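Each chain gets a letter, A, B and so on, in the order the sequences are listed, and its residues count up from 1. Since the model is a prediction, treat every value here as computed from it, not as a measurement.
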Amino acid sequence: MKHLLSSTAFIVLNKNLAKQVGLKEAVLLADLISKEEYFIANGMTDGWFFNTEANIEADTTLNPYHQRKCLKTLKEHNLIEVKRKGIPAKQYFKINEEQVLQILNNLSVKNLTTINKNKEITIINKYFKKPELLEVKNYCILRKNNIDAEAFIAFYESKGWMIGKNKMKDWKQAVITWEKRNYKKPTMSKIDAQLNEYLKGKEYL
Amino acid sequence: MKPLQQENLDDLIPKVYDLITETKISIGFNTDGKTIASLSKIFAKDLIREKRWGAITFNQVEDAFRIAIRFGKDEPFLTIRNFYKWIWAHKKERIDVATYNVETLKQKPQEVPYYQEPIKLLK
């Protein structure tokens, strides 16, 4: 739902959010969300992305002073996290999606179904977090599917966690796909299958 | 060795089952065991009941199958009709010729392939 606030050519502003955090802050947040969308599309997985003051000014007309003020407010509301890193240092942002959604849900529950011609809008967590080996192992044990967790991790690590041309969205579903694929594969050789059939047939004699 | 008419059905069915399974593997089919078992039962009964082949024995039937798979003109399929064709062809082209060579042309039985001493049917 957060993506409704973002757009490439326009700034989509939520009135209730603006009431809650301030107009300029809402504008900045919308711009950052728009930037985040761009980074997600380009393979960002940990939620951190950078933006420059000049860029923000070009997009929102907020000068650096106002930007700093707005960022302070947004941080106070726990809507974003900011850090500086790299040489030369760049400002990195992380949108606190849960907090944004919480504010949006609290403020505009009635509006949830009025957007986009009354269609229900599903909240999807866009971030994909790479699973740890232990997580995959535990999940495989839970499902009793005998999938080698290390092989699974190594396979997708080598492919940059991509499935074809798309970024993986849910590793648990990928494990299930592996499970089904393994199930379909015949493990018996042809002659073993023939022998089995021979023995089965003998029972009918 | 005894003629097919004197075979016991219960003894013959497993032998036929083995023969058809061997044939199936030889021609690379994936027919399931249940179908082969049914075919074996039907064909074993046929072998005992059928009189047009004379006093042939089971090893001659095995020869017929072996030759048909390897040198038969048509594609081998696991059907009773085909089994009949194979045995009939074997009888006509080899057993009868061998018998003629030995009994009419007086050739030595040891030198005539597929010749088998006639076995008298029990009365």
Give a yes or no answer on whether the side chain of A:K202 reaches the backbone of B:P14 with a donor-acceptor pair at less than 3.5 Å.
no
Inspect the surroundings of NZ in B:K51 and state if more than 12 heavy atoms from other residues, nucleotides or ligands are less than 6.0 Å away.
no
With heavy-atom distances below 4.5 Å as the criterion, would you say the side chains of B:I36 and A:E197 are in contact?
no
Is there a donor-acceptor contact under 3.5 Å from the side chain of A:Q194 to the main chain of B:F29?
yes
Report, as yes or no, whether the 6.0 Å neighbourhood of atom CD on A:E98 holds more than 12 heavy atoms from other residues, nucleotides or ligands.
no
Check whether B:K34 gets within reach of chain A through its side chain, its backbone, both or neither, counting any heavy atom under 4.5 Å.
both
Please check if atom CG in B:D11 has more than 12 non-hydrogen atoms from other residues, nucleotides or ligands closer than 6.0 Å.
yes
Greater than 12 external heavy atoms within 6.0 Å of A:K24's NZ:
no
Around atom CZ of A:F155, are there more than 12 heavy atoms from other residues, nucleotides or ligands closer than 6.0 Å?
yes
Under 3.5 Å: donor-acceptor pair, side chain of A:Y198, backbone of B:E22:
no
Looking at B:N30, B:D32, B:I13, B:D10, which has the largest count of heavy-atom pairs under 4.5 Å with chain A?
B:D32
What's the shortest heavy-atom distance between A:Y204 and B:A37, and which atoms?
CB-CB, 3.8 Å
